[in-house]
*Asks:* 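Once you've had a glance at the structure underneath, I'll fire off some questions.
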Amino acid sequence: MPKAGIITVVGKPNAGKSTLLNRIVGEKLSIVSPKPQSTRNRIVGINTTADAQMILLDTPGLLNPKYALQETMRRAALAAIYEADVVLYLVDGVEGTVPSLVDVAQLDRPIAAPIVLAINKVDALTHGQKEALAERAPDALFVSATTGDGIDALLSRLSALLPESAFLYPDDEISTQTVRFFASELVRETALEQLDDEVPYSIACEIEEFRESQSPVYIRAVLHVERDSQKQILIGAGGQRVRSIGRAAREKIEAFLGARVYLDLWVKVLPNWRRNTHALQRFGYSLPEDRSQ
Ligand code: GDP
Ligand code: MG
């Protein structure tokens with residue numbers, strides 16, 4: 001009997017979750033068309049081997065519910081934790097401590113699923129640092145998402161813990177809706193890479209048009225910010241920054257789609273969108289029940 005199930009990856013920002021997920025999913029990235037819309041933001045890919053299928057969920061960060069967006073992100077992260085068959089808890093080894101997941105996530109009830117602890121960035125640790133961590137967390141696996149060190153052992157441990165089940169998804173199902181979502185994430189990610197820390201959570205990306213049938217693929221994307229000052233930052237002197245973001249994002253989307261892309265990128269101000277339920281829904285954030293109408 002094959003094994004299949006949901007593996008939710010959690011960890012503090014900067015622990016290396018995205019790097020690890022990219023490595024695990026790698027070129028086998030097969031995008032799912034998730035039936036329940038609420039999981040749209042979280043399924044990052046599937047790793048299917050001969051006898052196991054891992055459906056990987058990302059957690060958008062365990063932040064304090066201070067702003068509406070952060071609250072919805074937290075809810076999504078918690079939902080992903082509680083519906084997991086296995087939780088992969090990733091810790092940045094360079095920090096030198098292994099805080100308990102329950103503390104970090106401020107959980108109010110225990111996680112039923114088995115938790116696999118992986119200490120990342122082992123490539124950046126001295127022998128002594130590694131020893132000290134191993135003493136503190138004897139069950140931890142040491143990995144490097146960057147070099148790939150320890151990843152095979154990690155995947156074996158994860159798949160061993162999955163329930164016996166037929167595969168849940170075909171290996172190569174791709175949905176345009178999700179491709180659109182990934183494209184918007186790539187644009188947003190690129191914008192964040194090229195900006196200082198002051199704007200991040202104020203940026204949402206919306207794909208207004210996505211014409212795959214033509215070559216190059218035509219994509220019109222809008223970066224929404226909350227204030228005019230942020231719009232100026234994003235556009236940069238003489239439009240230099242938005243052009244640079246557009247160029248880098250286009251290259252990523254081309255690599256992702258395997259096709260040439262024309263990316264038509266705009267910046268618009270949508271005042272206080274983070275506190276606007278309607279806008280949050282439009283940008284694909286799931287909302288707590290009591291705020292959704
Ligand atoms: P996330 O916030 O948890 O998604 O973390 P990212 O995947 O964005 O990684 C945060 C930073 O840590 C980036 O600069 C990565 O290049 C770096 N990083 C991730 N994994 C490793 C690793 O295994 N070794 C080292 N040295 N750096 C890593
Ligand atoms: Mg990340």
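As the structure lists them, so they are numbered: ligands from 1, and atoms in each ligand from 1. Here, residue 1 is the first one in the sequence, and each next residue gets the next number.
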*Asks:* Counting only pairs under 3.5 Å, give me each side-chain donor-acceptor contact of residues 137-145, with atom names and distances, residues two or more places apart or in other chains.
*Replies:*
| residue | atom | partner | partner atom | Å |
| --- | --- | --- | --- | --- |
| S144 | OG | D123 | OD1 | 2.8 |
| S144 | OG | T146 | N | 3.4 |
| S144 | OG | T147 | N | 3.0 |
| S144 | OG | T147 | OG1 | 3.1 |

*Asks:* Grab the two heavy atoms, one from I6 and one from L162, that are nearest each other, plus how far apart they are.
*Replies:* N-CD2, 4.4 Å
*Asks:* Any nitrogen or oxygen of T147, main chain or side chain, under 3.5 Å from a nitrogen or oxygen of ligand 1?
*Replies:* no
*Asks:* Is the shortest distance from a heavy atom of A15 to ligand 1 less than 4.0 Å?
*Replies:* yes
*Asks:* Classify the contact between D123 and ligand 1 as side chain, backbone, both or neither, using a heavy-atom distance cut-off of under 4.0 Å.
*Replies:* side chain
*Asks:* Consider every N or O of V122 and every N or O of ligand 1, then say whether any pair is closer than 3.5 Å.
*Replies:* no
*Asks:* What I want to know is whether V143 and ligand 1 share at least one N or O pair that is separated by under 3.5 angstrom.
*Replies:* no
*Asks:* Any side-chain hydrogen bond (donor to acceptor under 3.5 Å, both in side chains) involving residues 110-121? Give me the pairs, sequence neighbours left out, ordered by first then second residue.
*Replies:* D92-K121
*Asks:* Any side-chain heavy-atom pair from V217 and Y262 closer than 4.5 angstrom?
*Replies:* no
*Asks:* Between the side chains of E189 and K252, is the shortest nitrogen-to-carboxylate-oxygen separation below 4.0 Å, so that they form an ion pair?
*Replies:* yes
